[in-house]
Amino acid sequence: MRLPLKPLKLPPSGAATLRSFSAEPHPSPPPPPPSLEGPDPSSHISQTLSLLQTTDPSSWTTNTTLHTLLSSLSPPSALKIARQLPNYQNALHFFNHLRSTSQPSDSISLAFQAVLEHAKRESPDSAGKLYELYVLSKDQNTPLSVNAATLLIKCFGQAEMLDEMIMVFDAVDEEMVNTDVLNLVVSGFLKWGRFDDALKMLDEMFETDSGYPPNSNTTGIVFSSILKRNWSGRSVTDEEICKLVSRFGAHGVYPSSIWFTQIISRFCRNRECEKAWVVVHEAMNSGLDVEVASCNALLTGLGQERDFARMNLLMKEMKEKGIKPNVVTYGIMIKHLCKFRRVDEALEVLEKMRDGELGIEPDVVIYNTLIDGLCKVGRQEEGLKLMEKMSLDSKCNPNTVTYNCLIDGFCKAGEIERGHELFEQMSKEGVEMNVITLNTLLGGMCRHGRVSTAMEFFNSMREKGLKGNAVTYTVLITAFCNANNIDKAMKLFDEMRENGCSPDAVVYYSLISGLSQAGRMDDATFIVSKMTEAGFGLDVISYNILIRGFCRKNKLDKASELLKDMEKNGVSPDRVTYNTLISFFCSNGDFTHAHKVMKKMISDGLTPTVVTYGALIQAYCSNDNIDAAMKIFRDMSSSSKVPPNTVIYNMLIDSLCKNDDVEVAISLMDDMKEKGVRPNSTTYNALFKGLQQRNWFEKALEFMDQMTEHACNPDYVTMEILTEWLSAVGETEKLRKFVQGYQISASTA
DNA sequence: CTAGGGTTAG
């Protein structure tokens, strides 16, 4: 049933309900025409009020003074009186009295609105109470004022009484519906995650000439709901967000700059830079003042996609539109120049900033980015100089990050001592160190095989009160695993939990990897169960590691169990998974299963890689089936378009030479040259062995020259073969020259 | 702006 609702004029105070949900000031309705009232409406109201409060409701019908007062009651006064009555019960009596005395329906409506307002304030379960009253009003055919409807919609929306909410909304007269009412409905749906229902309401708002077009509150409600971390509804795709922004934009409304920037960042994070680009340009072209923060978000995304062209274009557009880059903008440009090792260009930007050419002073982040960039390309000495230089720039003192970058730079270069010196300089200069400083130094020590030094250092830091975090333990656990000290790694894992440091996924991954590598599959399985208990899942790489571990132990049953587990957990096998299995079957000489897996791989939409073919070629070679190996080799480059690499050629050349097919091996060397695949020392070693069998000395000399020419360094195997062979034929002079050439090429390299 | 791991052919 649809209630007849008439639009009502509202007293100024009537806007209160709207104001509570609307950020925009509601336009004040005109004051009620004085002609309806007596000479003094406020005294009229106070007289009525005092009479209502001093007499019993049961006597109201017979009270002639009251009758006279109410006979000239205007609807706005009815609202005021009902509101000023002390409580809900009084207001309800008043409302009932107005009904029984056949007051104008406008007055009854507004009195009912006040009853609802009282009920909302007084009742602990206001939504339930309001619903009762709403049903009552429907039964009594009391028209709802727009504010009463608004109040009900808002209240039901908050109480997740969405059917009731929409029932009230449907009861509102079309001509009374306005943007604010629709905003409340949309907000109610979104609060409970009902995106699709909200979308239907938005569709109505977007319709041309809807009479209730979206406004900035609408965008605020929509985007703050769906972008919040605790969004409970179905996941909203970037596509949908993009469309929404455009549709709002067509109505000239945009999300606030904060949400706009968040949307841009989200698109960029999801590698949907194109959408971010479109949305920003739509906004710019519609004349919106896009803030520099939004542009910065887009620049970051473009940088991640290596789209330098568009980065520069955006910078140009910003300039045209008068959007001034800030220090963050230059930070992004510098960061991405550094990332692509264009450190000198990044330094030029710094110089321009220091010259005052850009009107923006460099800050500590700019310096840190550059110092890190220098360190990452092995120019840590320059980084150190830049740190000294920034100190001379007033108020730009090195901080913890500055030192961390430099310590990492020196450690990565193997200069652990310099790293340690910087660490000591830090405390001398009063720069606080943090857990990243500790982890950086520990990582440096571990990488250079100084695991026990690292452990001692960690212990001394702990004594000083600095606790390690999950990263610290990952560094140490990995180092102990690599040093084949699995027991110590396991001990550290227990220790970290005793110390109240909860392991994260990476800690588990590194331990699983270490244990699998060491062949301790039972321990690895145990850690997997611990990991699952802790609520972490395995990713495809850790599955691959485990599968490989079990294959090496010849436990195919365990490996296939893991495959089933993957499927159950929604982790799809990748090329490596299949290659691991193919290698396993190949190494067992089981070509039937190897080919079967390869078929499955292809049917899963994965193309075989050079590793797949390599496994097969390797297996056929060790089975002395060089013809089959050569057939695969030809297949891969012709039909499947997987170019063979050095490893493939090495296996074939080695096999051919061992099989005394040196001519074919040499033809493969030519093939390599033609295809631009570089031979390495393994290639030459295989070939030299074959040539030695045939005693093709001249050919060997040719390839020795080629090695020198290509700056391919001989290894100890090369030296062994050549020393034996050349001294046997009394050509040690040739060998001496060869070694000399190697030394020259090594020094120029 | 800074720190952590991990696979497949040899």
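Here is the naming used below: chain letters follow the sequence lines, and residue numbers restart at 1 for every chain. Model, not experiment: these values are computed from the prediction.
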Mind calculating the distance between CZ (A/Arg552) and P (B/dA9) to the nearest angstrom? 9 Å
Would you say the base of B/dA9 and the side-chain of A/Asn579 have a donor-acceptor pair closer than 3.5 Å? no
Residue A/Arg678 excluded, over 12 heavy atoms near CZ under 6.0 Å: no
Tell me what A/Ala470 touches on the nucleic acid: a base, only sugar-phosphate, or nothing, going by heavy atoms under 4.0 Å. base
With a 4.0 Å heavy-atom cut-off, tell me which residues in residues 587-609 of chain A come close to DNA chain B, sorted by residue number. none
Does A/Lys339 reach a base, just sugar-phosphate, or nothing at all? Heavy atoms under 4.0 Å. nothing
Classify the nucleic acid contact of A/Thr474 as base, sugar-phosphate or nothing, counting any heavy atom under 4.0 Å across all strands shown. base
What's the CD1-P distance between A/Ile436 and B/dT2, to the nearest Å? 9 Å
Calculate the interatomic distance between A/Tyr613 atom OH and B/dA9 atom P; express it in whole Å. 17 Å
Quickly work out the A/Ile334 CD1 to B/dT2 P distance and round it to whole Å. 14 Å
Nearest listed nucleotide, side chain of A/Asn645, among B/dG6, B/dT2, B/dA9: B/dA9
Nearest-Å distance, CG (A/Asp372) to C1' (B/dA3)? 11 Å
Would you find more than 12 non-hydrogen atoms of other residues, nucleotides or ligands less than 6.0 Å from A/Glu351 atom CD? yes
Counting only heavy atoms not in A/Lys339 (residues, nucleotides, ligands), do more than 12 fall under 6.0 Å from its NZ? yes
Can you tell me the distance, in whole Å, between the OH atom of A/Tyr578 and the C1' atom of B/dT7? 16 Å
For A/Lys467, is the NZ atom crowded, meaning more than 12 foreign heavy atoms sit under 6.0 Å from it? no
